[in-house]
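Owing to the predicted nature of the structure, the values given are computational and were not obtained by experimental measurement.
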Amino acid sequence: MKTKGLMMLMLIICLAMTACGKESSSNSAGEENSAGYEKATIRLAYNLPQDHHVAKGVEQFAKDVMEKSGGAIEIQVFPAGQLLSDKDMNQSILTGGVEMGVNSSTLWASTVPAMGIFDVPYVFTTYEEAGKALNGELGNKLRDAMEEKGAKVLMFADYGFAQFANNKRPLESPEDFNGLKIRSIGDIPSEMIKAYGASPVFMGGGEVYMALQRHTVDGATSGTTAMVQRKYDEVTKYLTINNYAYLQFLLAVNNDFWNRLPEKSQTLLMETAKDTEEWIRSQAEIEDSETAKQLADKGMEVYVVPEEDIPLWKEAARPAWNAFAENAGDLGEELLEMVD
């Protein structure tokens, strides 16, 4: 009787374990909610301040995806460098350390040299021109180049045009840069700064205020949105609006992770990213205009380079074009032919 009782107890335990295993399996990856989406958790990191228009767009993208998927796809957003620095972002995306991330095209150029096209001086002169290029063959070629490296571009997020601020003198011609130390944002802008007769100094955005305050550098290049947020008006006097580079941030996702997602989820992410991209592009022009005015209102002396003078600035920056072509190879040459 004892033996039969023990065998019966063991049978009950086995049946219970089997049932638990089946229940566990039904609750694992692959389960769909009522909206027909499989559950997924995606970490998304970025370094921009949360009040920047690109950051606002990315935050809304995450909310929209969760809402449209009925809560099945949760995007956990880590803003303002909480999870990764901009220097560590790309490698983490490529290796799957994080599923999604937002980083500048300038920093992606170290992985995909052709991505430096956005830093080539005076390639894009209007917001409409940049949008058309990104939605066309130029954008497609850059997306393909990124996928070959292991990352899929979901969105080109328009940061806006780059300008120059300094505390020495008005910069009304390339010759006015002579002898200055200017904080640069990448290799191609550094070539332009050198061509103008100044010395480029590379540093992160968070270091610039102190460097300007201590006169480690005489000036810096950035978008006016960042200049307002980082209080350039407190440490520089002169602002030159020459729209020399149309800065981009990329929302990229790890290829392996992307390929594991169901097609329905991929479609939702791509469609939502497209809507977000259009909103960010519409905001870029507004933000550039408003923040330039804010800097003027805060006491900065603003010089807007006349449109008829831009060819002179462009010609003086030709060494930067040559540096890009040499670094980016055949694809770089193709892109330059599209925009020149």
Side-chain angles (χ1 to χ4, degrees), residues 44-48 54 58 81 83-121 123-124 130 133-134 138-160 162 182-195 199-208 220-223 226 244-258 317 319-336 339:
L44 190 165
Y46 70 85
N47 287 276
L48 292 164
V54 170
V58 169
L83 185 63
L84 291 164
S85 70
D86 53 3
K87 294 177 182 178
D88 296 330
M89 183 75 70
N90 296 352
Q91 188 63 23
S92 187
I93 293 171
L94 293 174
T95 60
V98 68
E99 290 77 34
M100 280 188 190
V102 179
N103 213 6
S104 72
S105 57
T106 302
L107 289 174
W108 273 112
S110 62
T111 303
V112 178
M115 200 61 74
I117 187 68
F118 300 105
D119 294 329
V120 177
V123 158
F124 301 112
L134 287 168
L138 182 143
N140 290 336
K141 285 184 176 294
L142 290 173
R143 291 183 182 91
D144 290 345
M146 285 284 287
E147 287 197 42
E148 289 177 7
K149 294 294 185 180
K152 180 177 180 63
V153 177
L154 289 185
M155 183 199 312
F156 283 104
D158 295 16
Y159 186 95
I182 304 289
R183 176 257 178 166
S184 179
I185 55 175
D187 293 339
I188 303 302
S190 292
E191 292 297 326
M192 181 189 68
I193 290 169
K194 286 190 288 186
S199 300
V201 180
F202 183 78
M203 62 179 66
E207 305 172 76
V208 179
T221 180
S222 187
Y244 80 87
Y246 195 61
L247 305 179
Q248 288 290 325
F249 275 69
L250 280 61
L251 172 60
V253 56
N254 173 270
N255 260 359
D256 291 337
F257 174 78
W258 177 260
W321 285 62
N322 298 336
F324 171 75
E326 182 178 346
N327 189 46
D330 292 341
L331 179 55
E333 291 282 4
E334 287 183 47
L335 300 183
L336 286 178
V339 298

_Within the 4.5 Å heavy-atom criterion, are Met115 and Met146 side-chain neighbours or not?_
yes

*How many angstroms lie between atom NZ of Lys149 and atom CH2 of Trp108, to the nearest 0.5 angstrom?*
11.0 Å

*How long is the gap from CZ on Phe156 to CG on Leu251, to the nearest 0.5 Å?*
11.0 Å

*Can you name the closest pair of heavy atoms from Pro113 and Ala328 and give their distance?*
CB-CA, 3.8 Å

_If I take atom CZ from residue Phe324 and atom CG from residue Asp119, how far apart are they, to the nearest 0.5 angstrom?_
9.0 Å

*Which atom pair, heavy atoms only, marks the closest approach of Asp158 to Gln248?*
OD1-NE2, 2.9 Å

*Can you check side-chain contact (heavy atoms from CB on, under 4.5 Å) on Leu44 and Val58, steps first, answer last?*
CA-CA 9 Å; Leu44 190 165; Val58 169; 3.6 Å; yes

*Taking all heavy atoms of Glu191 and all of Ala320, pick out the closest pair and write down the distance.*
CB-CA, 3.8 Å

Sequence neighbours excluded and cut-off under 3.5 Å, please list the side-chain donor-acceptor pairs for residues 94-104, or say none.
residue	atom	partner	partner atom	Å
Thr95	OG1	Gln91	O	2.8
Thr95	OG1	Ser92	O	3.4
Glu99	OE1	Arg43	N	2.9
Glu99	OE1	Arg43	NE	3.0
Glu99	OE2	Arg43	NH2	2.9
Asn103	ND2	Asp86	O	2.9
Asn103	ND2	Asn90	OD1	2.9
Ser104	OG	Leu107	N	3.2

*May I ask you to test the Tyr246-Val123 pair for a side-chain heavy-atom distance under 4.5 Å?*
no

*Taking all atoms of both residues into account, what is the closest heavy-atom pair of Ala162 and Thr221, and its distance?*
CB-OG1, 4.1 Å

*Pairing residues for Glu326 by the salt bridge (charged side-chain N to carboxylate O under 4.0 Å, His left out) criterion, not counting sequence neighbours*: none

*Gap between atom CG of Leu247 and atom OG of Ser222 - 0.5 Å precision*: 7.0 Å

*Let me see the working for Phe124 and Val339 under side-chain contact (heavy atoms from CB on, under 4.5 Å), right down to the final yes or no.*
CA-CA 8 Å; Phe124 301 112; Val339 298; 4.0 Å; yes

_Please find the pair of heavy atoms, one from Phe202 and one from Ser184, that lie closest to each other, and give the distance._
CD1-O, 3.6 Å

*What is the minimum heavy-atom distance between Ala114 and Leu331, and which atoms define it?*
CB-CD2, 3.6 Å

*Look up atom CG in Asp330 and atom CG in Leu335, then write down how far apart they are to the nearest 0.5 Å.*
11.0 Å

*asked:* Using only atom types and a distance under 3.5 Å, with no angle test, would you say the side chain of Asn255 pairs donor to acceptor with the backbone of Glu147?
replied: yes

*Kindly assign one of parallel, tilted or perpendicular to the pair Phe249 and Tyr159, based on the angle between their ring planes and the thresholds 30° and 60°.*
parallel

*Answer yes or no: does atom CG of Asn254 have more than 12 heavy-atom neighbours from other residues, nucleotides or ligands under 6.0 Å?*
yes

*Once you round to the nearest 0.5 Å, how far does NZ of Lys141 lie from CD1 of Ile117?*
12.5 Å

